[in-house]
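Take a look at the structure below.
These numbers come from a predicted model, not from an experiment. When a ligand or atom number is given, it counts from 1 through the structure's own listing order.
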Amino acid sequence: MGITSFCNVTVSTFRRRVRWLTSAACALTIAVSWPATAQSTADIRYDQAARIFRLEAADVSYVLGVNQEGELQSLYWGKRLRPADPIPAAQMDKGTSSFELPVNVTPQEFVGWGSGLVVVPDVKITFPDGNRDLELRYVSHIIHNDTLSITMKDISRDVTVALLYQIDAATGILARSARIDNHTGAPLTVEQAFAATWNLPASSDYQLRYLTGRWAGEWNLQQGPLHPGKVVLESRRGSTGDEVNPWFAIERGNEPDQDTGNVWFGALGWSGSWQINIEQDWQHRVRVTGGYTPFDFAYRLAPGESLETPKFYGGYSATGIGGASRQLHRLEMDATVPQPHHLHPVLYNSWEATEFNVNEAGQEALAEKAASLGVERFVMDDGWFGERKDDHAGLGDWYVNPQKFPHGLKPLIDKVHALGMDFGLWVEPEMVNPDSELYRKHPDWVLNFAGRPRTEGRNQLVLNLARPDVRAYVYGFLDKLLTDNDIAFLKWDYNRNWAEPGWPAAPLDEQKEVYVKYVENLYGILAELRQKHPHVEIESCSGGGARVDLGILRYVDEVWPSDNTDPFDRLSIQNGFTYPYAPGLMMAWVTDSPNGMNNRSTSLEYRFLSSMQGSLGIGASLNKWTPEDFATAKKLVAEYKAVRETVQEGALYRLISPVASEYAATESVARDGHQAAVFAFLHSSQEGQPFPQLYLRGLDPEATYRLHLQTGQLADDAVERASGDYWMHHGVAVSLRGDFQAAFFTLEREGN
Ligand code: DGJ
């Protein structure tokens, strides 16, 4: 590995044309065309004299250096600096007392546990002779395109860590990971492996945001001041989980405004157990360390073996938390989900209408009704396979139930195609009901500790995907399903957490590797399926939003954020979701009223407008709808299609947060700025208070826009045509009164 002396690499990204290709049977094509704009570039430079690396893209500079001890030290992360701006070389911090060893107060990029480290180490290793001391020093680096790779090595033992830094040209978001290599002649055990540590500048005025939740109540935004000490965000569930999502944002100052202020943020690309530690010292310096949770973790590396961590993404926004979200949305849509990606079709899903009670005639009748609304994808949910009459049986037996579908799935799929839609199907590949042929044949295939109880959740157990035979079975049945049937979409569900994470068939000192190998095999299956069936799109669902992260997003096209489909609850759920994740990734169904979750009644318009802020779906019992309902829904589906590119791909501005407020409003601005779509919601009028004036954002101040009211009411004196400045500074007076009212309007730029 050679050392690059003075290196300057420029990488360009440019916008693409993407096209939605459907199965041969359907002739639907939706093209997303983004205009060419100034190209974004990423620069990575190394100044050999000062031993400083500068990674720069978009509005961000990230600077690190090698200090006199050979440690890798963070020097600057924030708004982009001028090329000639000086950055002093890295200098180890000596601390202020004997209780403050330099290793703890020097802001290190990646640090092994050893030499008195008391902050969270990035890596901790036990060697066979009992030594647990690891001190990593810079050895060499390589710069290649948008990637910097730095090799570090222990001061005496032949263990190296390769740190990877990639910077996204369009957003300046960095992706960091680490690979630990055992070059010694003996096995060692990695007990802790984080992807990276992010160091923030010192400030006593930081606000931390993160997301918590539970089934049917995901995406609650938590926000509060950061104090010296440690905050731990974590999942020990085997999967991402909905209790906390692996995302954080730290804002300097307490900006009441969404779109101003300095924000540092990060998200883990991992769908297994994880941990993010946010530590602040007495000098108010902040370090954020994330990766595999060390809880119950052990990974044995034989000589010559390596362990690679997931990616930990980190970004900086000078345009507040709103700007941070928009950067992440851009990264997800353009550089994370499988490319080229497509606009999501309007979808119908059978779950809330029929639950497990599916059959050929019933699904065909629903498909006819869905098609009449302009729906483009028909998805049959749970209940079509094995002896699946309810949630007690059938998982694992992936043959078509012959009583429900005597001629297989083909007649239904043909019918759906004849109606002009493509066909999607629900699966839950990683699970098994004890009441199934698969479990009776292979009781050893589930996660378990020998001789101990096997704790069920929803009457099911988790298959141990880390096992090669289980991996082969799961890939095999999915491949066959997609080969034998013209399926355009899989809803991939996952309805419980792990209980006994045992792998008795593996050698004793490798059993805990299940946490890593399970998820790697999950990703491997998804990647192979996508490769072999490139037209199949996949939705990640985990009883709602319990598996949404930047790892799974590399293999799926969209996610199901929550089983709670109440349109009012959804306003907060969707609001929280969009802090890290793009509205276009978020499937949102219009379902029945009163809602099954809380018996709340809302109008069909209100339900549609709530769902139209994401990827629109319909999950209602269409058999109960009146002709008026069909007419209303048809009109709203058409209106959605006219703004879907703006909503799914555009820039989101949160105008009024629904959290603890009677009001809510969002605005999406098209990438080329030709259109804005605005949705406004009123919970309940109180004492005749008018709906707050909506001050729009992200418009061209000079351009003229024409307002088109689609649903709801504006104030009597509302104008129709005005400048971007007018809409942003004079604003729009929406007239909403009563309970659960909503409005939707667009602005179209003139002279595009
Ligand atoms: C949980 C999902 O979140 C629901 O949408 C539905 O697919 C059910 N599972 C089916 O069992």
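Listed by chain and number, residues touching ligand 1 at under 4.0 Å (heavy atoms only) are W351, D381, D382, W426, R458, K491, D493, N495, C541, G543, G544, W560, D563, W589.
Legend: residues meeting ring-ring contact (aromatic ring centres under 6.0 Å, His included) with H533, ordered by chain and number and at least two apart, are absent. Residues that satisfy the side chain to side chain contact (heavy atoms under 4.5 Å, CB included) test with A367, not counting sequence neighbours, are F378, V416, L419, M421.
In this structure, Y292 has its ring center under 6.0 Å from that of W270.
Here salt bridge (Lys or Arg N to Asp or Glu O under 4.0 Å) pairs that include residues 460-470, with residues two or more places apart or in two chains, are D444-R467, R467-D469.
Among the candidates H341, R644, H329, the single residue satisfying the side-chain hydrogen bond (donor to acceptor under 3.5 Å, both in side chains) test with E649 is H341.
Put simply, the side chain of S657 reaches to within 4.5 Å of the side chain of N575, judged on heavy atoms.
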